[in-house]
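Structure first, then comments.
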There are 2 protein chains.
Amino acid sequence: MALKKIVERQTGVALWRQIADRIRLSISNGDYDQTGMVPPETALAQEFGVNRHTVRSALAALADEGLVRAVQGRGTIIERKDRVSYPISRRTRFSQGLGRQVKEIGTRLLGHAEVPASGEVAAALGVSPGALLIELRTVSSGDGRPLSTAVSYFPADRFPGIAEEYARLGSVTKAFAVHGLDDYVRVSTEIVARHADADELSLLKLSPGAIVMEAQSVNADLDGKPVEYSRTRFAADRMKLRIET
Amino acid sequence: MALKKIVERQTGVALWRQIADRIRLSISNGDYDQTGMVPPETALAQEFGVNRHTVRSALAALADEGLVRAVQGRGTIIERKDRVSYPISRRTRFSQGLGRQVKEIGTRLLGHAEVPASGEVAAALGVSPGALLIELRTVSSGDGRPLSTAVSYFPADRFPGIAEEYARLGSVTKAFAVHGLDDYVRVSTEIVARHADADELSLLKLSPGAIVMEAQSVNADLDGKPVEYSRTRFAADRMKLRIET
DNA sequence: CCTAATTTGTCCGTATGTATG
DNA sequence: ACATACATACGGACAAATTAG
């Protein structure tokens, strides 16, 4: 088999970071499950065609994330596997989906505000631009590790005080129920991937340079009337999105 | 308003690359649609809190991609906006989805081979590990720009010679029809995002350091028997995935 | 217990890339 | 274009801890 170049130089992305990303992916793919260890630094250096020092920088970054732990004389031990699978379906509910993958789900309300609808959001929600919306900003974690951060918009006339109910109940589904909305469905989802900005790095406690997947989605009641527009950013190296069609 | 830090230093990702990514995103978001130009270098330098040289490096990279064109004395002109929307549904068909977004869709067969099923692929296709599969490697483009590259696996006993039929017909759907399979559905899709490797950079003609979204999917016949497993990598800055549930 | 092999940790120096002014 | 500072990457050498025999 031909030698396969894995990492590229002079790209504006440091080799150690590219290598860290590849190793993180291998860990979450279970490539090292047999031993529970990352291959030796010299083997990785050969595999990626770089100096051992460069591999060490990559491993140091992963150790910093708490993903691995190096022990002199023994090797580099995998502390934790990654990527929680997040299901997206017609009946997507945040908490339910993560189910047995994480023991404890935490959702924190960062803040809320009443804002006029911008053009894009107005179009998605089917309201006129400038109509009053309630904006909710949240961060969700699994077992203490941040997984996603979201901004959600709800029509203020239909769901007055939804921020307070969300804060009290910790769930959009339950807050909807207070307003007599017992069921709703996901009508559209769009996904893009990009580098995280400084805000997202801090909220999601990401190692800098990390990637986020951004899902823009609309939920509607059973009559098809939109009730929620949200922009959720998932930490790409902690999550995969499972589409259920 | 507090000063918002947009780019971060000492992250293993060069500032010029982070800035290039942000500008690319702004372009595809339509932030500069009023003028059709990128803001002046000095304005960008101030916005991102960096030296003008660094902004110039970022713009040079975007010019290299053909996204913008700098004209002395006038400014930097936006040549092209980005992100084709790719629909994923129970009846996902590659060519149909891109529809009116691109005038011309090109699919190129990179190669094919008969290979034994690895554990992961075998599980997805519901065959025993080692069973013979036909592997297809393809690249798809819209209006001459590479959008995605895929590796697909088909059970060799059920679809012998499917590679040749695909090469002749240019479509998996049509190749299936030759074997009497008139309809099939997407049963599962998983999406992760990561940095592109060297292979993907070259196949998708990406600027180095770019992000890919990888979708692992299984198609099955109407009896629920898997007929195809594929791993499609989308150029993240040229595509968004639209989930239709 | 001792030795050799393996593996991570630390130090040196040098060259190139990145970012500023 | 020049000068400066720091980050990245390489190469080599050796120390320290652990494992294999």
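In what follows, every chain begins at residue 1, and chains take the letters A, B, ... in the order their sequences are listed.
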May I have the distance from [X] (atom [atom1]) to [N] (atom [atom2]), rounded to whole angstrom?
X	N	atom1	atom2	answer
R56(A)	dC11(C)	CZ	C1'	12 Å
I77(A)	dT18(D)	CD1	P	11 Å
R17(A)	dT18(C)	CZ	P	16 Å
L44(A)	dT8(C)	CG	P	8 Å
Q46(A)	dT7(C)	CD	C1'	15 Å
R69(A)	dT7(C)	CZ	C1'	15 Å
L15(B)	dA7(D)	CG	P	12 Å

Nearest-nucleotide check on DNA chain D, R74(A) vs V55(A); residue mapping nearer the 5' end is V55(A)
*Between the side-chain atoms of H53(A) and the base atoms of dG9(C), is any donor-acceptor pair under 3.5 Å?*
no
ask   = Could one point to a donor on the side chain of R52(A) or the base of dG12(D) with an acceptor on the other under 3.5 Å away?
value = no
So, T42(A) versus R52(A): side-chain donor-acceptor pair below 3.5 Å or not? no
Do S217(B) and S230(B) have a side chain donor and acceptor closer than 3.5 Å? yes
ask   = Is there a salt bridge (charged side-chain N to carboxylate O under 4.0 Å, His left out) between R22(A) and D197(B) once you walk through the steps?
value = CA-CA 9 Å; R22(A) 309 274 334 159; D197(B) 64 27; 3.7 Å; yes
TODO: Using a 4.0 Å heavy-atom cut-off across all strands, classify S57(B) as base, sugar-phosphate, or nothing.
DONE: nothing
If pairing means Watson-Crick or G-U wobble with both distances under 3.5 Å, then the partner of dA5(D) is dT18(C)
| said: Taking D237(B) first and then R24(B), would you say they form a salt bridge - that is, a charged N and a carboxylate O separated by under 4.0 Å? | reply: yes
Indicate yes or no: does R194(B) engage E200(B) in a salt bridge with an N to O separation below 4.0 Å.
-> yes
- Query: Using a cut-off of less than 4.0 Å, is there contact between a side-chain N or O of T76(A) and OP1 or OP2 of dT7(C)?
  - Reply: no
It should be established whether N51(B) places a side-chain nitrogen or oxygen under 4.0 Å from OP1 or OP2 of nucleotide dG21(C). yes
Closest of dT19(D), dC10(D), dG9(C) to the Q72(A) side chain is dG9(C)
Taking dA19(C), dT8(D), dT10(C) as options, the one with an atom nearest any side-chain atom of W16(B) is dA19(C)
